[in-house]
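No experiment lies behind these values; they were computed from the predicted model shown. Basis for what follows: all heavy atoms, side chains included, without hydrogens, waters or symmetry-related copies. In each ligand, atom 1 is the first atom listed, and ligand 1 is the first ligand listed.
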Amino acid sequence: MCGIVGYIGASQAAPILLDGLGKLEYRGYDSAGIAVYDGKKIQVKKAIGRLKVLSELTHDGATMPGTLGVGHTRWATHGAPSDLNAHPHYNKEETIAVVHNGIIENYLKLRKKLTEKGYEFRSETDTEVVAHLLDYYYKGDPLEAITKVMHRVEGSYALGILFREHPDRLYAARKDSPLIVGQGKDGNLIASDVPAVLKYTREVYFIRNEETAVLTTDGIAFYNMDGEEIVKNSTTIEWDLNAAEKGGYEHFMLKEMYEQPKTVQDTLKPRVKENTIEIEELSMTEEEIRSISRIHIVACGSAYHTGITAKYVFEGLARIPVEVDLASEFRYRNPILEEDALVLIVSQSGETADSLAALREAKGRGVKTLGIVNVVGSSIAREADKVMYTWAGPEIAVATTKAYSAQLIAQYLLALKFAQVRGRLTAEETAAMLGDLKKLPGQIEMLLANKERIQKFANRYIAAKDVFFIGRGIDYAISLEGSLKLKEISYIHSEAYAAGELKHGTISLIEEGTLVAAVVTQKDLYKKSMSNIVEVRTRGAFVLAVTNVDNTEMEKAADYVIYIPQTNPYFTNSLAIIPLQLFSYYVSVGKGCDVDKPRNLAKSVTVE
Ligand code: AGP
């Protein structure tokens, strides 16, 4: 939930650091700082607020000459956002500077020990402990000092480190927080994520847990926790820079909404050959698939909402019992995990601490784990027994859209595959459903073309105080996501309710003019859902209905209707969510909110 960068090479470091941090602000943006070795000393500049404050402070880096440096953009966990708590952090003599993403869980104990040894702390952060601990262990060999620190600290870290006495080297180390090394033409870089280095290189190394990297202007060496050199292969990144830029849209979120047809296509294509489903990365035998006794889907936020939809799909098609857990609850409820269960961890970033912890809990009990992840090489992707990527490309907006859509597709495919292997679906039935899936990209495109009409409607609700989303079955799952989208980017209070549950209390909140979004796509539940619409309308609600194109009854039942094209009832989430995303987006824009970086949120929540 912070972003770090580092550079060593022939060019001036500060502008490169600032540019890289600009691509990482989605990881956190309450303060930022850079440290640059200027030939004599390590100069540090840092400031509370967005990166542009730091850029202005340093005249876009011009006041910080030097070709070696590290930078940081922060999302506060220990110590409120402030100049002092911003990274980089120094040791006392200012001979060592550190940037850090993650949490040092035993920092209080270490801080106490170091204070007893005479160390003075300037900030409230856990990170500053690392700077002083490096000082404590440093006897002339940075790598030795770093390795000792790695043995002492508990928790997660991606570190970028400068030693004034070694100005020809940039050091990096990693445990649990993402960290990559970029091999450039005129220098080498470290970063928390690929977009920060793409402008300079496509050759990237993914640092694994408890590895360190030592970068010079023209070389990179990797070491394990015992200080032994290790060989690593680089990955060539296919994304072009635009893929991580706005591409002409006003916001990343709008761009990513419009990428959903492609995202769905890209997640489907490699796995559907003619009318059969090939999920190579699954590498499970048919016997193993047949022996799955229960599926546990574990995730957070929107990823969790896809899991609720997937429960209906897996149980409906493959008749496999499914439990869906919030990752932050899973680990602490002492879950009953049968040995032939399968745990699905769904995570766009692949770095969500709660989901990573749940993965480790499942693995620790010897249960098979499958990650459904968007970020190649992320922690969950690497630690799960198997990983199924969602191929959505970089998702920069904090509010997920295209990754959410891709997560749905991945779980539909798994459910279809399992159903087929377990004899629950004939080849013809599977082919028909694959046909429905292949139509989704075009249907999503059609719904996106509807944006003006939705924008007009959204403008009527910019001042709304409470909005309710209701639905039954999969429509309830859609309502959960619709409600979260509205809350997280427009700051309007909203609740999603199982439509049949509203009358057990919450309906007392409905008053004249309250907006209720009713999702009605499950044909077998039409009647019940329509009666729930009547319930709220008689109490004064204004009802926006999202329903199937053939449900003409809705014209009379609701105040405003948005139709979605025909598809299989199991797949309606992929369509109904589109107008709800657009609605939330335009309400947020109308309110002048920061759509891509909503207050208090970060794209990847790497703290529990
Ligand atoms: C989605 O709009 C939210 N920003 C958030 O709920 C997100 O889905 C959740 O934090 C999980 O993130 P992950 O998919 O990267 O694990």
Side-chain angles (χ1 to χ4, degrees), residues 1 26-29 75 176-178 192-193 251-254 256-257 260 263 267 297-310 324-331 343-360 369-381 383-384 387-411 477-478 480-491 494 496 577 580-585 588 593-608:
M1 92 267 135
Y26 71 86
R27 301 180 58 81
Y29 37 79
W75 188 54
D176 291 343
S177 294
S192 298
D193 195 359
H251 298 102
F252 280 118
M253 185 176 175
L254 190 61
E256 287 152 10
M257 277 193 263
Q260 289 180 113
T263 299
T267 304
I297 304 175
V298 186
C300 303
S302 296
Y304 170 74
H305 298 154
T306 68
I308 296 188
T309 294
V324 190
D325 272 273
L326 286 169
S328 54
E329 293 292 310
F330 179 76
R331 180 154 72 118
V343 173
L344 290 192
I345 304 286
V346 186
S347 174
Q348 183 284 127
S349 63
E351 299 298 347
T352 299
D354 290 322
S355 306
L356 184 56
L359 168 64
R360 289 172 176 165
T369 58
L370 169 63
I372 295 181
V373 180
N374 190 46
V375 179
V376 173
S378 58
S379 303
I380 291 173
E383 294 192 27
V387 62
M388 184 176 178
Y389 284 116
T390 46
W391 307 130
E395 186 175 68
I396 307 298
V398 167
T400 183
T401 49
K402 62 175 184 171
Y404 169 89
S405 291
Q407 288 166 353
L408 287 173
I409 298 296
Q411 294 171 87
I478 301 169
L480 285 166
E481 179 59 11
S483 174
L484 177 62
K485 283 282 135 332
L486 183 65
K487 281 182 279 195
E488 65 179 331
I489 63 174
S490 74
Y491 315 148
S494 165
I577 197 60
L580 299 181
Q581 290 170 346
L582 285 169
F583 172 71
S584 301
Y585 172 77
S588 174
C593 297
D594 188 339
V595 175
D596 286 333
K597 297 177 188 143
R599 67 187 182 199
N600 305 341
L601 293 180
K603 183 62 182 171
S604 173
V605 184
T606 53
V607 289
E608 280 202 62

Please name all residues satisfying salt bridge (Lys or Arg N to Asp or Glu O under 4.0 Å) with Glu608, sequence neighbours left out, ordered by chain then number.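 Scan of Glu608 (salt bridge (Lys or Arg N to Asp or Glu O under 4.0 Å), adjacent residues dropped) gives Arg331.
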If the condition is salt bridge (Lys or Arg N to Asp or Glu O under 4.0 Å), which residues does Lys487 pass it with, not counting sequence neighbours?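 Salt bridge (Lys or Arg N to Asp or Glu O under 4.0 Å) check on Lys487 returns nothing, list empty.
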Looking at every heavy atom in both Lys485 and Thr400, which two are closest together, and how far apart are they?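 Looking at all heavy atoms of both residues, the shortest contact is CE-O, 2.7 Å.
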Closest approach of Ala299 to Val346 (non-hydrogen atoms, all atoms of both residues):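 Closest pair (atom of Ala299, atom of Val346, distance): CB-O, 3.3 Å.
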Ser302 neighbourhood, listing ligand 1 atoms whose heavy-atom distance to it stays under 4.0 Å: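 Ligand 1 atoms under the 4.0 Å threshold to Ser302: 1 (C), 2 (O), 6 (O), 8 (O).
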As an exercise, identify every atom of ligand 1 less than 4.0 angstrom from a heavy atom of Val398.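 Near Val398, meaning under 4.0 Å from one of its heavy atoms, ligand 1 has 2 (O), 4 (N).
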Protein heavy-atom partner closest to [atom] - residue, atom, separation in Å:
atom                    : answer
atom 10 (O) of ligand 1 : Val605 CG2, 4.3 Å
atom 6 (O) of ligand 1  : Gly301 CA, 3.2 Å
atom 3 (C) of ligand 1  : Glu488 OE1, 3.4 Å
atom 14 (O) of ligand 1 : Gln348 N, 2.7 Å
atom 9 (C) of ligand 1  : Cys300 O, 3.8 Å
atom 16 (O) of ligand 1 : Thr352 OG1, 2.5 Å

So is there a nitrogen or oxygen of Glu481 less than 3.5 Å from a nitrogen or oxygen in ligand 1?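 No: no nitrogen or oxygen of Glu481 is under 3.5 Å from one in ligand 1.
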Is any N or O atom of Ser349, backbone or side chain, closer than 3.5 Å to an N or O atom of ligand 1?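 Among all N and O atoms of Ser349, at least one is under 3.5 Å from an N or O of ligand 1.
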Can you list the steps and then say if Gln260 with Ser405 is a side-chain hydrogen bond (donor to acceptor under 3.5 Å, both in side chains)? CA-CA 7 Å; Gln260 289 180 113; Ser405 291; 2.6 Å; yes
Any atom of ligand 1 sitting under 4.0 Å from a heavy atom of Glu351?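 Glu351 does not count as a contact of ligand 1 under the 4.0 Å cut-off.
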Ser604 to ligand 1, any heavy atom closer than 4.0 Å: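 Under 4.0 Å: no for Ser604.
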So that I can tick it off, tell me whether Asp176 and Arg360 are bridged by a salt bridge, with the cut-off set at under 4.0 angstrom between side-chain N and carboxylate O.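 Salt bridge between Arg360 and Asp176, a charged N being under 4.0 Å from a carboxylate O: yes.
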Any luck finding a side-chain donor-acceptor pair between Glu351 and Ser378 under 3.5 Å?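 No pair is found: no donor N or O on one side chain lies under 3.5 Å from an acceptor on the other.
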Side chains of Gln407 and Thr390, donor plus acceptor under 3.5 Å: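 No.
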